[in-house]
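For reference, the structure discussed in these notes is given below.
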There are 2 protein chains.
Amino acid sequence: MGREGVGVNLETSLGYLLKEASSVLRSAMEEVLRPLGMSVTHYSCLELLAQRPGLSNSELARGAFVTRQSMNVLLQALERDGYVTRPAEAPVGKVLPTRLTPRGRRSLEKATVAVRSVELRMLAGMTGTEQSEAFRILRRMIHSLRDGNAETTRS
Amino acid sequence: MGREGVGVNLETSLGYLLKEASSVLRSAMEEVLRPLGMSVTHYSCLELLAQRPGLSNSELARGAFVTRQSMNVLLQALERDGYVTRPAEAPVGKVLPTRLTPRGRRSLEKATVAVRSVELRMLAGMTGTEQSEAFRILRRMIHSLRDGNAETTRS
DNA sequence: CAACCTGTGTCAGAATGCTGACATGGGTCG
DNA sequence: CGACCCATGTCAGCATTCTGACACAGGTTG
């Protein structure tokens, strides 16, 4: 009531709902990762490395949706604690390929179980069709937002 | 490749996609709000007050998905700059109902135009059916994550 | 080859948000 | 009424992330 059509109604805004969903998901993940002494970014980094070994700092940052500076801070801590290794010298250029250590892999395994439980809870009550529908719609939203990125950028 | 079934595959994880969508949306909003000297939380607060005048600090915090401490810092700045007003004394209890000033309303109007353009861009290429489908699915995800909140996840 | 542009790793400072803690007001029971 | 519990506003300290800046490696182009 009031403001219909004029602007952004929070009750019916997909953007607001997306933010809410993301917030709830993050809380749920933090809750199950906290007992393991791990943050969401921490977990994301390890999971990325497990699935794509040898990723660089910048690539990890993009994959975890943080800046490379933030990821660098995290990587230094992970390296110090023996979860990942990076060569002292760059094999080519300045890129330092990062890899999980056995310790990092073990740590990730426990985290993955926890995170999967959250993912499953989120999907509870959704049919397979709905899940692929959700997947398709989210991809479309991302693409629409990205291509029309900056009004004056390119062309 | 690798890890099929074992754990969380980032390529097919709805959670990861949700985080990506949220990240892209936030970037897009920051981009259009920056010229107005406004952050996303800043805007969210004003929009909440426009649609539900008299909200308290804690209620605003929940609506903007931050802690009441963070919202309090923002409210103090907004009050200092004349965008909102709060009574010096609580009419009842400790709750201080907040309201937009005319200046706050003018500021919000410009921001709303900017944010709506982002919302429209995100919805571009989606039919009305798809939009309501997205709405339904997101609500379901939120609900599934919230009710099984407790660690024991009801048996 | 030299000039440029892009991407990268890294250091430093600043901003933003969060956790912890406290006093207080209101409601609910006993 | 008194004891309790919960929610609120607020202060302080801390953590995380970001923005700004720099040097350098590789590719492209003249």
Side-chain angles (χ1 to χ4, degrees), chain A residues 19 22-24 26-31 33-35 37-45 48-49 54-81 84-99 149 153-154, chain B residues 19 22-24 26-31 33-35 37-45 48-49 52 54-81 84-99:
Chain A
K19 187 176 176 182
S22 168
S23 168
V24 175
R26 167 166 280 263
S27 295
M29 287 185 65
E30 281 171 349
E31 187 178 343
L33 287 175
R34 190 173 310 125
M38 207 179 286
S39 73
V40 175
T41 310
H42 185 138
Y43 159 75
S44 300
C45 177
L48 282 163
L49 283 174
L55 249 45
S56 72
N57 175 34
S58 289
E59 292 167 325
L60 285 168
R62 281 191 290 269
F65 311 111
V66 296
T67 61
R68 62 210 157 125
Q69 291 92 328
S70 297
M71 182 54 72
N72 198 28
V73 176
L74 175 59
L75 274 186
Q76 284 174 357
L78 290 178
E79 191 173 17
R80 169 174 51 77
D81 297 343
V84 305
T85 36
R86 283 193 291 180
E89 294 287 316
V92 53
K94 300 186 68 176
V95 179
L96 296 175
T98 313
R99 294 187 174 276
N149 210 342
T153 312
R154 4 180 312 112
Chain B
K19 187 176 176 183
S22 168
S23 168
V24 175
R26 167 166 280 262
S27 295
M29 287 184 64
E30 280 171 350
E31 188 177 344
L33 287 175
R34 190 172 311 125
M38 207 178 286
S39 73
V40 175
T41 309
H42 186 136
Y43 159 75
S44 300
C45 178
L48 281 163
L49 283 174
R52 303 206 273 277
L55 281 183
S56 72
N57 175 35
S58 290
E59 291 168 325
L60 286 168
R62 280 191 291 270
F65 310 110
V66 296
T67 62
R68 59 201 169 160
Q69 291 91 330
S70 297
M71 182 55 73
N72 197 27
V73 175
L74 175 60
L75 274 186
Q76 285 173 357
L78 290 178
E79 191 172 18
R80 170 174 50 79
D81 297 343
V84 305
T85 36
R86 283 193 291 182
E89 295 287 316
V92 53
K94 300 186 66 176
V95 178
L96 297 174
T98 313
R99 296 188 173 277

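Remember, it's a predicted structure, so these values are computed and weren't measured experimentally. Sequence lines set the chain letters: A, B, ... in the order given, protein chains first and strands last, and positions in each chain run from 1.
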Smallest separation among heavy atoms of [X] and [Y], with atom names:
X: B:Leu75; Y: B:Cys45; answer: CD2-SG, 3.9 Å
X: A:Ser22; Y: B:Ser22; answer: OG-OG, 3.2 Å
X: B:Leu49; Y: B:Thr98; answer: CD2-O, 3.4 Å
X: A:Leu33; Y: A:Val40; answer: CD1-CA, 4.0 Å
X: B:Ser56; Y: B:Val95; answer: CB-CG1, 3.3 Å

Taking the side chain of A:Ser70 as its heavy atoms from C-beta onward, which of D:dT10, D:dT17, D:dG9 lies nearest to it? D:dT17
Distance from A:Arg26 atom CZ to A:Ser39 atom OG, nearest 0.5 Å? 8.0 Å
Just verifying a value: how many Å separate B:Met71 CE and B:Leu48 CG, rounded to the nearest 0.5 Å? 7.0 Å
Presence of A:Thr41 side-chain N/O under 4.0 Å of D:dT17 phosphate oxygens OP1/OP2: yes
Residue pairs passing the salt bridge (Lys or Arg N to Asp or Glu O under 4.0 Å) test where at least one lies in residues 56-70 of chain A, sequence neighbours excluded: none
Pairs in or reaching into residues 85-99 of chain B: which pass salt bridge (Lys or Arg N to Asp or Glu O under 4.0 Å), with residues at least two apart or in two chains? B:Glu79-B:Arg86
To the nearest Å, give me how far apart [atom1] ([X]) and [atom2] ([N]) are.
X: B:Met71; N: D:dT8; atom1: CE; atom2: C1'; result: 15 Å
X: A:Asn72; N: D:dC18; atom1: CG; atom2: P; result: 13 Å
X: B:Gln76; N: D:dT10; atom1: CD; atom2: P; result: 6 Å
X: B:Leu75; N: D:dT8; atom1: CG; atom2: C1'; result: 13 Å
X: A:Arg34; N: D:dT16; atom1: CZ; atom2: P; result: 12 Å
X: A:Lys94; N: D:dG26; atom1: NZ; atom2: C1'; result: 12 Å
X: A:Gln69; N: D:dA21; atom1: CD; atom2: C1'; result: 10 Å

Quick one, A:Leu96 with A:Asn57, criterion side chain to side chain contact (heavy atoms under 4.5 Å, CB included). Give me CA distance, side-chain angles, the key distance, then yes/no. CA-CA 7 Å; A:Leu96 296 175; A:Asn57 175 34; over 6 Å; no
Chain B on DNA chain C: first and last contacting nucleotide, 5' to 3', under 4.0 Å to a heavy atom? C:dG17 to C:dG26
With sugar-phosphate meaning primed atoms plus P, OP1 and OP2, does A:Leu74 contact a base, only sugar-phosphate, or nothing at under 4.0 Å between heavy atoms? nothing
Could you go through nucleotides 3-5 of chain D and list every protein N or O atom that sits under 3.5 Å from one of its N or O atoms, giving the distance for each pair?
none

Donor-acceptor under 3.5 Å (A:Ser27 side chain, A:Ser23 main chain): yes
Candidate list B:Asn72, B:Val73, B:Thr67, B:Leu74, test side-chain contact (heavy atoms from CB on, under 4.5 Å), partner B:Ser70, passing option: B:Thr67
Which is more 5' along DNA chain D, the nucleotide nearest A:Val92 or the one nearest A:Ser39? Just name the residue. A:Ser39
Considering the terminal five base pairs at each end of the helix from C:dC1-D:dG30 to C:dG30-D:dC1, what angle separates the two local helix axes, rounded to 10°? 30°
Specify the residues of residues 58-68 of chain A, ordered by number, for which at least one heavy atom lies under 4.0 angstrom from an atom of DNA chain C. A:Ser58, A:Arg62, A:Arg68
Checking B:Lys19 against A:Ser44 for the side chain to side chain contact (heavy atoms under 4.5 Å, CB included) test, could you report, in this order, the C-alpha distance in whole Å, the side-chain angles of both residues, the deciding distance, and whether it holds? CA-CA 11 Å; B:Lys19 187 176 176 183; A:Ser44 300; 3.4 Å; yes
